[in-house]
Amino acid sequence: MQNTPYSPAQAGQKPRLAFLDSLRALGILLVVGGHTIGYCLTLPEMQYKTAYFLTHISTVGIFYLADGYLIGARIPTGRMRYLPVMKQSCYRLLIPWLAFTVFYTVARYLGETAGILSPHQIIGQPAVDVLISAYSSVFAPQLYFLVSLFILRAIYPLTKHIILDQPLFLSCAALVLGCIALYAYGPRNIFPFSLLAPLPGQEPIIHALLGLPAHACGMLLYRVKDRISLPVAGLVSAVIFIAATTLKFGYQIDAQRVAQYSLLLMLFAGFSVLAINHRWMLWLGKNTMGIYLLHAPILLKVLSLGINRVVTIPLLSFFLIVAGAVAASAAGIWVLRRIPGGSILLGEK
């Protein structure tokens, strides 16, 4: 494998893996696109199915995989001491999650009070139910990911022991068998996770379990990056992805999961080998947190109310709302970084 290109680092900062920033840029565009489907004009059936498939099959998996790869890269350098990593993850993940959960919950309450939002999810509901809904990202569907990623970082010593410390064959076998068991039974059917299944919205612990294979794949990719040919791996993954999305496999094979992980590997290999590192993608990749926090639901709602009044073509409505949400989020990032304490809300110290 050729030396991985790094993006320039400012004084005092560690260099960044440029291809991972570009990969995350694609991921955040897909995240915004996935949430936009519910706000744009109703797409025709084929456009809807295509947009939903592309924006949901591996979107969050990109971020899990990238984080796992970075953990694998940092372990040999001695920069993965547990307590400092978890302290940094609290600043990076939990503080923004708590701040924006409170913000969007209050915004929802004010919207219901003003008669703008219905049905009521806060007014008239028991306080415990409101707290559960806030925890499960009912009021802002993207926030669960921050807690899920924190959980995966909290258990990284165990993942490292299985994926990085064992003979490669055993690590690969453990990952494959773990995926088969997880998706055969489903985390919502496995005790004690089944106790969380009735909760509304996106329950973070269950989603952490669903994201664990992609996170572990990221670690494994770092381990084998110098032992495999990424161009060949990318081409093989592309063939498997096409087969999984066009052929009908037997009942014992989950074609959707095969497509999901083959697409992740194809994207990882493609961005690494081709060095897709345009300046705008690097910027998006470095600012995914702010865009993730800010784009939904308020910005998407406001943009849709304006754009859908003047646009009559559903697909144009979709792309304009996506572009508007990214641009408005970028403006929000700029503002937050210039007010006292604003950077903390974005997970930046």
Side-chain angles (χ1 to χ4, degrees), residues 25-63 100 103-105 107-123 125 133-134 136-145 199-203 207 210 241-242 244-246 248 254-257 259-260 263-264 267 284 288 290-332:
L26 173 63
I28 197 62
L29 291 175
L30 293 175
V31 166
V32 176
H35 292 150
T36 298
I37 292 175
Y39 290 88
C40 67
L41 297 174
T42 303
L43 294 167
E45 182 179 4
M46 185 55 65
Q47 291 180 5
Y48 174 85
K49 289 182 177 180
T50 302
Y52 188 89
F53 175 78
L54 293 176
T55 59
H56 284 78
I57 183 170
S58 290
T59 304
V60 179
I62 289 175
F63 295 100
F100 278 88
F103 172 75
Y104 286 124
T105 301
R108 176 77 199 190
Y109 173 76
L110 294 176
E112 292 181 8
T113 302
I116 300 173
L117 299 176
S118 62
H120 288 175
Q121 296 176 335
I122 297 179
I123 294 178
Q125 304 300 320
S133 294
S136 297
S137 300
V138 171
F139 309 131
Q142 73 275 29
L143 295 182
Y144 76 91
F145 170 77
L199 296 184
Q202 313 289 335
E203 202 289 313
H207 279 275
L210 288 170
F241 174 74
I242 293 172
T245 54
T246 57
K248 291 186 177 180
D254 189 337
Q256 180 180 351
R257 299 302 177 185
Q260 177 183 357
L263 178 60
L264 280 175
L267 291 173
L284 283 180
T288 52
I291 297 171
Y292 195 86
L293 292 167
L294 294 171
H295 79 278
I298 295 175
L299 285 182
L300 285 180
K301 184 64 175 180
V302 172
L303 287 166
S304 66
L305 290 175
I307 291 173
N308 292 342
R309 286 180 179 272
V310 297
V311 172
T312 58
I313 303 173
L315 195 58
L316 180 60
S317 165
F318 173 82
F319 283 114
L320 286 177
I321 294 173
V322 170
V326 172
S329 298

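Here the structure is a predicted model, which is why all the values come from computation and not from measurement.
Looking only at distances, a side-chain donor or acceptor of E112 sits under 3.5 Å from a matching main-chain atom of I122. In terms of modelled atom types and a separation under 3.5 Å, the side chain of H56 and the main chain of F53 share no donor-acceptor contact. In this structure, the side chain of S304 engages the main chain of K301 through a donor-acceptor pair within 3.5 Å. The closest donor-acceptor contact from the side chain of S317 to the backbone of L41 lies under 3.5 Å. Side chain of S136 to main chain of G201: no donor-acceptor pair is present (N/O by atom type, distance under 3.5 Å, no hydrogens or angles). Y104 places no side-chain N or O within donor-acceptor distance of the main-chain N or O of A134, the cut-off being under 3.5 Å.
Using a 4.5 Å heavy-atom threshold, the side chains of H295 and V31 count as touching. Side-chain contact between P314 and Y48: absent, with no pair of heavy atoms (C-beta onward) separated by less than 4.5 Å. The shortest side-chain heavy-atom distance between Y109 and T105 does not fall under the 4.5 Å cut-off. Between F63 and I28 there is a side-chain heavy-atom pair separated by less than 4.5 Å.
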request  = Run the numbers on L143 and L293 for side chain to side chain contact (heavy atoms under 4.5 Å, CB included), then give the verdict.
outcome  = CA-CA 7 Å; L143 295 182; L293 292 167; 3.8 Å; yes
key: Test log, rule side chain to side chain contact (heavy atoms under 4.5 Å, CB included), inputs L284 and V326   = CA-CA 9 Å; L284 283 180; V326 172; 3.8 Å; yes
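Heavy-atom minimum distance, L303 versus G324: CD1-C, 3.4 Å. The minimum heavy-atom distance linking S137 with Y144 is given by the pair OG-N, 2.7 Å. The minimum heavy-atom distance between G27 and I62, with the atom names listed, is CA-CD1, 3.9 Å. Pairing each heavy atom of A259 with each of F241, the nearest pair is O-CD1, 3.4 Å. Contact between A107 and I298 at its shortest, heavy atoms only, is CB-CD1, 3.9 Å. Looking at every heavy atom in both residues, V322 comes nearest to T36 through CG2-OG1, 3.5 Å.
Rounding to the nearest 0.5 angstrom, the gap separating the CG atom in L294 from the CZ atom in F100 is 4.5 Å. Atoms CD1 and CG, from I321 and L305 in turn, are 9.0 Å apart once rounded to the nearest 0.5 Å. From I37, atom CD1 reaches atom OG1 of T55 across 3.5 Å, with rounding to the nearest 0.5 Å. One distance of note links CD of E45 with OG1 of T50; it measures 10.0 Å at 0.5 Å rounding. Atom CG of L300 is separated from atom CD1 of I307 by 9.5 Å, given to the nearest 0.5 angstrom.
L30 pairs in a side-chain contact (heavy atoms from CB on, under 4.5 Å) with only one of the listed residues (V60, I57, T59), which is T59.
Side chains of H207 and Q202: a donor-acceptor N/O pair is present below 3.5 angstrom, by distance only.
With a 6.0 Å radius and a threshold of 12 heavy atoms from other residues, nucleotides or ligands, I313 has its CD1 atom at or below the threshold.
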